[in-house]
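Right, one structure below, let's go through it.
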Amino acid sequence: MIVKLPDGRTFEYAGSAKLKDVLVTTDRQLLKTVIGAKLNGELVDFHRVLPADAKVELITIDSPEARPIYRHSLSHVLAQAVKRLIPNAKLAIGPAIDDGFYYDFDVEKPFTPEDIEKLEAEMKKVIKENYPFERSEVSRDEAHKLLSEMKESYKLELLEELPPGETISFYKDGDFVDLCRGPHILGTGQVKHFKLLNVAGAYWRGDEKNKMLQRIYGTAFYTKEELEQFLHMREEAKKRDHRKLGKDLGLFYFSEHIGPGLPLFTPKGEIVRYLMESYVREKQTRYGYQHVWTGHMVKEELYRRSGHYDNYVDSMFPPMIDEGIAFRLKPMNCPSHMMLYKEMGTHSYRDLPLRFAEFATLYRYEKSGELSGLTRVRAVTQDDCHIFCTPDQIQSEFSLALNLVREVLETYQFKDYRVRLSLRGSTGKYVADDEKWGKATTALKAALDANRVKYEPVEGEAAFYGPKADFLATDVLGREWQLSTIQVDFIQPARLGLEYIAEDGRTHTPVVLHRAVTGSTERFLGVLIEHYAGAFPVWLSPVQAVVLPITDKHAPYAGKVLEQLKSVGVRAELDGSNNTLNYRIRHAQLQKTPYMLVVGDREQQNEQVAVRLRTGEDLGAKGVAEFVHFIQNKIADKELI
RNA sequence: GCCGGCGUAGCUCAGUCGGUAGAGCAACGGUUUUGUAAACCGUAGGUCGGAGGUUCGAAUCCUCUCGCCGGCUCCA
């Protein structure tokens, strides 16, 4: 067999063997750093007997591909530590995840922060004891017997569900054995830099009908530096938390007298909302959208017909009954826009596409435990749109929506995004109409392909009425947010009896594309606050410039400068408070005001302002007219500063 | 909704064994007249999230409740 090292070197080994044995007999040094291998691009275990003609690539511990393997191994170490401290704890599952790993346990008492410290200490012991991970393959009966003896009821449940013919394997390290597919690192001593992060309740298999287990999250890295950097990023994310910044910058509040998930926006917060919405509104108008308004309440009956009632009644606020008729606060716009389409009379194919956009505040009864700052609220203002078109317009309409999405994301400096194609799952809420689903899915795929958009299909993520292309944008901290979405719907228009007269003179059902660009104003604002760390681009800043007179005697001149800025629509303020200049600069700085305009004798004499940026940069003195021109360009170009 | 944690002044937090609430910042008043990230002095501010209970006495102990945080799940 030919073994390739990460540095490109290769060596050969005669005959078939377990990779581990190959390493033992050829290069023992490698045992310290090799944690996995790939055979034909697929991860393989050290314990698998490889054929003589195999070509394997070794993965060393510092490779990104190695992470899930050693993180998963650390989850075993965690389980081992739990078992040592709480012998009757039952094991559930313990996978590697994007940022680390977790393990779910069924324990009598939930873990406390002290438990976590103890567990960390115990894990360090296990690592120090450096047990090899040993794989054993057993028959189903043996596995059943073993797990029964161990009283691992959750593992037994997992075993039952393994498909017939599947190899059943256990991994043992020291005093710990676990049903596990693998692969694993060679020994517990290979990764030393890890941290347990938090404890949380988690339902067995994510189903609230099941028992609540205790989940412990942790992470692991190869080097101490990587771990520290990860923890630093978490700190950074905490500093950028929009809930904290929203308060610090005075943008929005929640009041328990108003209700959970119902944010209140201050004048500063509302101006940002207004600017965000105006921007998208203007863009949409240019893209041929028409803005409509369909109010806040709808008869429940409409949602029964559209299918929303069956699928989302739990997410609607309870009904208001008037003379026996139930009304609902509007949880989505689609049926309203479709009714508007109908009321506007007979539509000719010549009228299509019709693009109805609306910034409507929708009310969704999110479960209390799910609310979170602005990213999850009960009053959401969606930048929603429904495009009524003919089947052969789908592709061009999709392209148009895609361009709009791209342009807006770029303006907000989301440089990277990926697309998830959310498809119907085999079971669930989906409307049963294979023909329409087939058409919709084919049309959406064709539209993505025609625009050369790469996507990854995910089954079971579609809306009940059709497939979706969801855009996941990456922010400056590398976190992903699902913002934009474009969806194809053949179902609702038919259910609600929408029609148009086609070229053949007959009645046809239009297709509806649902799309949102920023998603919702509230959520997007929350994301933006974190993306920009509260330092909004000039065009979005609630206060764009603050004038700072050095002493009282410069106040009249400062007032004049302020008026000049205001007269051209710049959002400027004057800070003539009885504080030192340094103090007022610091204050403006903490408020992330883009421009600080210091005026003293020199500036007054020359009709100037001394321009300081919130970055700390000093642009020196500029004529007032020059600065006005300067900031107006920055605003028009939507520059950061 | 469920599991766990947390609620003390506008903000950040201290408050011992149950003995009746404190700091810094912010605010306000004054002094200072300031040249690029915190001048100085003073004043005011709290039903300790809410309700009930135990106790001679509760921020502190117990019960319920509301809100927030970390997750689970879902997101038309």
Side-chain angles (χ1 to χ4, degrees), chain A residues 102 104 107 109-113 197-217 241 243-244 247-248 250 253-261 303 306-316 330-335 362 364-373 375-376 380 382 384 422 429 461-466 468 470 482 485 487 489 492 514 516 519-520 523 548-555 576-590 596-603 610-614 616-621:
Chain A
Y102 67 80
D104 284 347
V107 283
K109 277 191 223 155
F111 297 106
T112 64
L197 300 169
N198 47 354
V199 196
Y203 298 105
W204 168 236
R205 323 209 101 178
D207 187 335
E208 61 189 321
K209 290 183 200 84
N210 290 337
K211 186 164 184 187
M212 174 74 67
L213 307 175
Q214 293 300 314
R215 173 172 299 179
I216 299 176
Y217 284 92
D241 189 319
R243 291 167 298 199
K244 176 178 158 39
K247 208 178 266 178
D248 291 349
Y253 294 91
F254 287 90
S255 162
E256 61 178 293
H257 302 289
I258 299 290
Y303 297 133
S306 70
H308 289 96
Y309 187 91
D310 288 340
N311 288 296
Y312 296 104
V313 67
D314 291 342
S315 301
M316 296 184 196
K330 198 168 75 175
M332 85 295 298
N333 294 309
C334 4
L362 309 175
R364 295 182 175 181
Y365 190 77
E366 303 285 0
K367 292 182 199 166
S368 60
E370 320 233 288
L371 301 168
S372 175
T375 48
R376 199 62 177 270
V380 279
Q382 246 187 10
D384 204 2
S422 300
K429 60 199 175 180
E461 287 290 311
F464 75 87
Y465 51 70
K468 313 190 284 179
D470 292 324
Q482 199 218 297
T485 182
Q487 314 173 355
D489 183 0
Q492 285 193 76
H514 304 238
S520 85
R523 181 177 152 84
L548 304 171
I550 287 180
T551 72
D552 288 351
K553 67 178 178 180
H554 308 111
S577 63
N578 184 15
N579 288 111
T580 60
L581 180 65
N582 275 348
Y583 180 94
R584 287 173 288 152
I585 285 174
R586 180 181 147 82
H587 181 72
Q589 188 76 47
L590 293 175
M596 289 156 243
L597 308 176
V598 177
V599 296
D601 288 339
R602 293 200 295 271
E603 289 74 20
V611 184
R612 182 191 202 277
L613 273 51
R614 69 178 164 214
E617 196 184 340
D618 187 349
L619 296 188

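Proteins come first, then strands; the chains are lettered A, B, ... in the order of their sequence lines, and each starts at number 1.
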Check: If the P atom of B:A21 is compared with that of B:G49, how far apart are they to the nearest Å?
Finding: 15 Å

Checklist line | Nearest-Å distance for atom pair OH/P, residues A:Tyr253 and B:C11 | finding: 8 Å

Check: Nearest heavy-atom pair of A:Pro549 and A:Gly576: which atoms, and what distance?
Finding: CG-CA, 4.1 Å

Check: With distance as the sole criterion, do the side chain of A:Asn578 and the base of B:U33 form a donor-acceptor contact below 3.5 Å?
Finding: no

Next item on the list: Whole angstrom is fine here: how far is it from CE in A:Met596 over to C1' in B:G35?
Entry: 14 Å

Checklist line | Gap between atoms CG and C1', on A:Asp248 and B:C11 respectively (whole Å) | finding: 8 Å

Checklist line | Of the listed nucleotides B:A37, B:C69, B:C72, the one nearest the side chain of A:Arg243 | finding: B:C69

Margin query: So, under a plain 3.5 Å distance rule, would you say the side chain of A:Arg364 forms a donor-acceptor pair with the base of B:C74?
Written below: no

Note to self: Regarding A:Gly373, tell me which of base, sugar-phosphate or nothing describes its non-hydrogen contacts under 4.0 Å with the strands shown.
What the structure shows: sugar-phosphate

Notebook entry, point to check: Has the side chain of A:Tyr203 got a donor or acceptor atom sitting under 3.5 Å from an opposite partner on the base of B:G71?
Noted result: no

Next item on the list: Can you tell me, in whole Å, how much space there is between the P of B:A51 and that of B:U8?
Entry: 16 Å

Checklist line | Side-chain heavy atoms of A:Leu581 within contact of A:Leu548, under 4.5 Å | finding: yes

Item checked: N/O donor-acceptor pair under 3.5 Å between A:Arg523 side chain and A:Val380 backbone -> no

Next item on the list: Could you tell me whether A:Leu362 contacts a base, only the sugar-phosphate backbone, or nothing, with contacts defined as non-hydrogen atoms closer than 4.0 Å?
Entry: nothing

Check: Would you say A:Gln487 and A:Asp489 make side-chain contact, with heavy atoms under 4.5 Å?
Finding: no

Check: If each of A:Arg205 and A:His514 is mapped to the nucleotide of RNA chain B with the nearest heavy atom, which maps nearer the 5' terminus, i.e. the 5' end?
Finding: A:Arg205

Notebook entry, point to check: To the nearest Å, how far apart are A:Tyr309 OH and B:A76 P?
Noted result: 19 Å

Check: Which distance, rounded to the nearest 0.5 Å, do you find between the OG of A:Ser422 and the NZ of A:Lys468?
Finding: 5.0 Å

Notebook entry, point to check: Considering only side-chain heavy atoms of A:Ser368, which listed nucleotide, B:C72, B:G1, B:A37, is closest?
Noted result: B:G1

Check: Base, sugar-phosphate, or nothing: which does A:Glu617 touch, judged by heavy atoms less than 4.0 Å apart?
Finding: nothing

Checklist line | Euclidean distance, atom NE2 of residue A:His587 to atom P of B:C25 [Å, nearest integer] | finding: 16 Å

Next item on the list: Please state the P separation for the pair B:C40 and B:G24 - nearest whole angstrom.
Entry: 12 Å

Next item on the list: If the plane angle is over 60° it's perpendicular, under 30° parallel, otherwise tilted; pick one for A:Tyr312 and A:His308.
Entry: tilted

Next item on the list: Taking atom P in both B:C13 and B:C69, compute the distance separating them and give it to the nearest angstrom.
Entry: 15 Å

Next item on the list: May I ask you to verify whether the side chain of A:Glu603 and the base of B:G35 hold a donor-acceptor pair under 3.5 Å?
Entry: yes

Check: So which heavy atom on A:Val598 is nearest to which on A:Glu603, and how close?
Finding: O-CG, 3.6 Å

Checklist line | Stem segments of RNA chain B by first residue number [Watson-Crick or G-U, under 3.5 Å, at least 3] | finding: B:1-7 with B:66-72, B:10-13 with B:22-25, B:27-31 with B:39-43, B:49-53 with B:61-65

Note to self: So A:Ser315, base contact, sugar-phosphate only, or nothing? Heavy-atom distance under 4.0 Å.
What the structure shows: base

Notebook entry, point to check: With a non-hydrogen cut-off below 4.0 angstrom, is A:Tyr465 in contact with a base, only sugar-phosphate, or nothing?
Noted result: sugar-phosphate

Checklist line | Atom P, compared across B:C3 and B:C64: separation rounded to whole Å | finding: 12 Å

Check: According to a strict under-4.0 Å criterion, is A:Arg612 in side-chain N/O contact with OP1 or OP2 of B:A37?
Finding: yes

Check: What nucleotide, of B:C68, B:U36, B:U34, holds the atom closest to the side chain of A:Asn582?
Finding: B:U36

Notebook entry, point to check: Looking across every strand, which nucleic acid part, if any, lies under 4.0 Å from A:Asn333 by heavy atom: base, sugar-phosphate, or nothing?
Noted result: nothing

Next item on the list: Grab the CE-C1' distance between A:Met332 and B:C74 for me, whole Å please.
Entry: 14 Å

Checklist line | Separation between the C1' atoms of B:G45 and B:C6, rounded to whole Å | finding: 25 Å

Check: Does a side-chain N or O from A:Tyr583 land closer than 4.0 Å to OP1 or OP2 of B:U33, or not?
Finding: no

Notebook entry, point to check: Between B:G35 and B:G30, how far is it from one P atom to the other, in whole Å?
Noted result: 23 Å

Checklist line | A:Thr551 side chain, from C-beta outward: closest of B:C72, B:C74, B:U34 | finding: B:U34

Notebook entry, point to check: Which part of the nucleic acid does A:Ala610 contact within heavy-atom distance under 4.0 Å: base, sugar-phosphate only, or nothing?
Noted result: base

Note to self: Using a 4.0 Å heavy-atom cut-off, does A:Pro110 contact any base of the nucleic acid, only the sugar-phosphate backbone, or nothing at all?
What the structure shows: sugar-phosphate

Item checked: B:G15 to B:U60 separation - P atoms, rounded to the nearest Å -> 15 Å

Check: Which part of the nucleic acid, if any, lies within reach of A:Asp552 when heavy atoms closer than 4.0 Å are counted: base, sugar-phosphate only, or nothing?
Finding: base

Notebook entry, point to check: Taking CG from A:Asn579 and C1' from B:U31, how many angstroms apart are they, rounded to a whole number?
Noted result: 13 Å

Checklist line | Minimum-distance nucleotide to A:Lys247 side chain [options: B:U34, B:C72, B:C11] | finding: B:C11

Next item on the list: Assign A:Phe111 to base, sugar-phosphate, or nothing according to its heavy-atom contacts below 4.0 angstrom with the strands shown.
Entry: nothing

Next item on the list: Ignoring the backbone of A:Lys367, work out which of B:U36, B:G35, B:G1 is nearest its side chain.
Entry: B:G1

Notebook entry, point to check: Given B:G67, B:A39, B:G71, which nucleotide is nearest the side-chain atoms of A:Thr580?
Noted result: B:A39

Check: Which nucleotide sits closest to the side chain of A:Met212: B:C3, B:C66, B:C72?
Finding: B:C3

Check: Just checking A:Arg602: base, sugar-phosphate only, or nothing, at a heavy-atom cut-off of under 4.0 Å?
Finding: base

Notebook entry, point to check: Taking atom P of B:U73 as reference, at what distance in whole Å does atom CD of A:Glu370 sit?
Noted result: 10 Å

Check: Is the shortest side-chain N to carboxylate O distance from A:Lys367 to A:Asp314 below 4.0 Å?
Finding: no

Next item on the list: State whether the side chain of A:Arg243 and the backbone N or O of A:Ser372 hold a donor-acceptor pair below 3.5 Å, judged by distance alone.
Entry: no

Checklist line | Sugar-phosphate, base or nothing in reach of A:Lys468, heavy atoms under 4.0 Å | finding: sugar-phosphate

Next item on the list: Describe the nucleic acid contact of A:Gln482 in one word from base, sugar-phosphate, nothing, applying a heavy-atom distance below 4.0 Å.
Entry: nothing

Margin query: For the backbone of A:Asn579 and the side chain of A:Arg584, can you confirm whether one donor and one acceptor N or O come within less than 3.5 Å of each other?
Written below: yes

Notebook entry, point to check: Looking at the side chain of A:Cys334, which of B:G35, B:G67, B:A76 is the nearest nucleotide?
Noted result: B:A76

Next item on the list: Please name all residues satisfying side-chain contact (heavy atoms from CB on, under 4.5 Å) with A:Gln382, sequence neighbours left out, ordered by chain then number.
Entry: A:Asn333, A:Leu362, A:Arg364, A:Asp384

Check: Which value, rounded to the nearest 0.5 Å, describes the distance between A:Tyr583 atom OH and A:Ser577 atom OG?
Finding: 7.5 Å

Check: Contact class for A:Tyr312 (heavy atom, under 4.0 Å): base, sugar-phosphate, or nothing?
Finding: base

Next item on the list: Between B:A37, B:U31, B:C72, spot the one nearest the side chain of A:Tyr217, thanks.
Entry: B:C72

